[in-house]
Amino acid sequence: MHPRVSLHQVAMVDRETGPFLQFCCEIGVQHATLVSPRLLQASELRAAREAVQHGTIQIGCINHPFALQPDLERHTERAANGLMQVIDMAAELGAPSIYLITGGRGALLWEQAAERFADLLAPCREHAARQGVALLVENASPLTVDIHIAHTLPDALRLARLAEIGLCVDLHACWFEADLREKLAEALPLTGLVQVSDHVPGDRTTPCRAVPGDGAVPLEAILRDVLDLGYTGLFDLELLGPRIEAEGPAKACTRAAHTLSNLLTQLGA
C-alpha cells in the first residue's frame with residue numbers, strides 16, 4: 001500500500017474507532033482521518049491512543065464540525081471551546097491537522113458568515129500553533145449549505161486566507177471547475193490534505209461518492225497536476241453514500257485504497 005494513502009473514518013461510521021483503525025491496518029493503510037464526535041467519547045479516544053502508541057497506524061487528520069449548533073450566525077464561544085479540546089486531542093495523537101466544517105450561514109450573507117467564522121475561530125489559532133496542529137477548512141458540495149459555507153475551491157481559499165488557516169482540498173467538490181490546475185496552483189501552498197473519491201454522472205443526492213475509477217472524475221490527470229505542483233501530503237479517501245453502502249464499506253474501502261495506491265505509484269508519488 002502506498003504510504004500516502006489515508007482512509008477517512010466516515011466511510012465506516014458504524015464502526016467504533018478501535019475496529020476502524022484495525023481495519024486500516026489489515027488492508028495496509030498507514031494513515032487515517034478520524035472524526036471528532038467519536039473521539040470526544042473517552043473510550044474512542046483511548047482506542048485511538050493505543051493504536052498510535054503501538055505504532056500500527058498514524059492519524060493523518062481529524063475532521064471537526066465547528067459551528068453547527070445551530071449555525072455561524074447564532075453560535076457562541078462554544079465553537080472555540082470545542083475546537084480547543086479537539087486541538088489538544090490532535091496533539092496527543094500526533095495528528096498534524098484538523099479540517100473544519102464551518103457551520104451554516106443562517107441568515108448572514110456569505111461575506112458576513114465568513115467574517116463570523118474567522119472571528120469565532122480566532123482564539124484557537126494561537127493554541128493550535130503552540131500544539132503544532134494546522135487548522136484547515138475544506139471546500140464542500142453546495143448541497144451541504146446547511147452546515148458549510150465554502151462550496152468552490154476559490155471560495156474555500158478565500159475563507160482560509162481570511163481566517164488565517166490552511167486548506168483541505170476535496171476533489172469531489174471541485175473536479176468539474178474551470179481552470180482547475182490554475183486554481184490548484186494557487187491553493188496547494190496552503191493545503192494540508194487532499195481528499196479523493198469519484199462521481200458517477202446522474203447521482204444527484206448527497207453524499208454520492210464512488211470508489212476511484214468507477215465514475216467520471218479524471219483522477220489520473222488531476223492527481224498528476226497535484227503532484228507536479230509540489231503537493232507532498234496525504235491523499236485521503238472520503239467514501240460514503242448509497243454506492244459505498246450497496247457494495248459494503250469494507251469491500252469498497254479496500255478496493256478504493258488499492259486503486260489509489262496503484263495510481264499514486266504509477267504517477268511516481
Side-chain angles (χ1 to χ4, degrees), residues 8-10 13 17 33-42 44-45 61-91 95 97-131 133-170 172-174 187 190-193 195 204-209 238 240-241:
H8 198 306
Q9 188 173 14
V10 74
V13 72
T17 299
T33 291
L34 299 182
V35 294
S36 65
R38 278 203 172 275
L39 285 178
L40 288 167
Q41 303 175 44
E44 305 259 342
L45 177 59
C61 191
I62 294 174
N63 172 215
H64 178 61
F66 182 61
L68 273 66
Q69 299 175 347
D71 51 43
L72 285 164
E73 179 189 14
R74 291 169 287 178
H75 214 78
T76 65
E77 66 278 357
R78 287 181 298 129
N81 293 340
L83 181 53
M84 292 284 198
Q85 187 176 356
V86 177
I87 290 168
D88 289 339
M89 291 192 301
S97 62
I98 299 166
Y99 87 85
L100 304 170
I101 299 168
T102 62
R105 69 174 68 181
L108 301 176
L109 298 175
W110 192 93
E111 295 79 6
Q112 294 172 322
E115 291 283 357
R116 178 66 172 155
F117 173 72
D119 289 344
L120 287 172
L121 186 71
C124 304
R125 284 197 300 266
E126 184 178 344
H127 184 60
R130 284 197 304 267
Q131 295 281 45
V133 176
L135 301 178
L136 316 173
V137 66
E138 73 166 345
N139 58 311
S141 164
L143 295 177
T144 62
V145 68
D146 58 321
I147 59 171
H148 199 67
I149 67 169
H151 306 294
T152 68
L153 191 51
D155 281 356
L157 180 57
R158 178 178 173 182
L159 183 59
R161 287 171 171 165
L162 177 66
E164 300 179 39
I165 60 174
L167 192 64
C168 167
V169 174
D170 184 355
H172 191 269
C174 67
L190 281 181
T191 298
L193 187 68
Q195 294 186 312
R204 304 187 191 280
T205 60
T206 189
C208 58
R209 296 170 185 261
E238 186 178 18
L240 67 165

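Keep in mind that what you see is a predicted model, and the values were worked out from it rather than measured.
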key: Reported CD-to-CG distance for the pair Gln9 and Leu39, which is rounded to 0.5 angstrom   = 6.5 Å
key: Leu167 versus Leu136, closest heavy-atom pair with distance   = N-CD2, 3.6 Å
query = Between Ala173 and Ser141, what is the shortest heavy-atom contact and its length?
reply = CB-N, 3.9 Å
message = Ignoring hydrogens, what is the shortest heavy-atom contact between Phe66 and Ala79? Give both atom names and the distance.
response = CE1-O, 3.5 Å
remark   = Contacts of Glu238 meeting salt bridge (charged side-chain N to carboxylate O under 4.0 Å, His left out) (sequence neighbours excluded), chain-then-number -> Arg209
key: pair Glu138-Ile101: side-chain heavy atoms closer than 4.5 Å   = yes
Reported NE2-to-CG distance for the pair His64 and Leu40, which is rounded to 0.5 angstrom = 7.5 Å
inquiry  = Please give me the minimum heavy-atom distance between Val86 and Ser36, naming the atom from each residue.
reply    = CG2-CB, 3.9 Å
ask   = What pair of heavy atoms forms the shortest contact from Ala140 to His151, and how long is it?
value = O-ND1, 2.9 Å
Criterion side chain to side chain contact (heavy atoms under 4.5 Å, CB included) on Glu115 and Leu108, from CA distance to verdict = CA-CA 10 Å; Glu115 291 283 357; Leu108 301 176; over 6 Å; no
message = Do Leu72 and Gln112 have side chains that approach each other closer than 4.5 Å (heavy atoms only, starting at C-beta)?
response = no
task = Considering only NZ, NE, NH1 and NH2 on the basic side and carboxylate oxygens on the acidic side, decide whether Asp119 and Arg116 come within less than 4.0 Å.
result = no
message = Measuring only between side-chain heavy atoms, which start at C-beta, is Leu83 closer than 4.5 Å to Leu121?
response = yes
message = With heavy-atom distances below 4.5 Å as the criterion, would you say the side chains of Ile147 and Pro65 are in contact?
response = no
message = Counting C-beta onward and ignoring hydrogens, is there a side-chain heavy-atom pair between Arg105 and Glu73 closer than 4.5 Å?
response = no
task = For residues Trp110 and Ile149, report the shortest heavy-atom separation together with the two atoms involved.
result = NE1-O, 2.6 Å
key: Exam field: side chain Arg125 to backbone Leu135, donor-acceptor pair closer than 3.5 Å   = no
request  = Apply side chain to side chain contact (heavy atoms under 4.5 Å, CB included) to Leu143 and Arg204, showing your working.
outcome  = CA-CA 10 Å; Leu143 295 177; Arg204 304 187 191 280; over 6 Å; no
message = Within the structure provided, determine whether Val133 and His127 are in side-chain contact (heavy-atom separation under 4.5 Å).
response = no
ask   = If you measure from CD1 on Ile87 to CD1 on Ile62, what distance do you get to the nearest 0.5 Å?
value = 10.0 Å
ask   = Do Arg74 and Asp71 touch side chain to side chain, with heavy atoms closer than 4.5 Å?
value = yes
query = Got a second to check how far His75's NE2 is from Thr102's OG1, nearest 0.5 Å?
reply = 11.5 Å
Nearest-0.5 Å distance, CD1 of residue Ile98 to CG of residue Leu34 = 11.5 Å
query = Is there a side-chain contact between Phe117 and Ile165 (heavy atoms, below 4.5 Å)?
reply = yes
inquiry  = To the closest 0.5 Å, what do you measure between OG1 (Thr144) and CG (Asn139)?
reply    = 9.5 Å
Side chain to side chain contact (heavy atoms under 4.5 Å, CB included) assessment of Gln131 paired with Met84 = CA-CA 10 Å; Gln131 295 281 45; Met84 292 284 198; over 6 Å; no
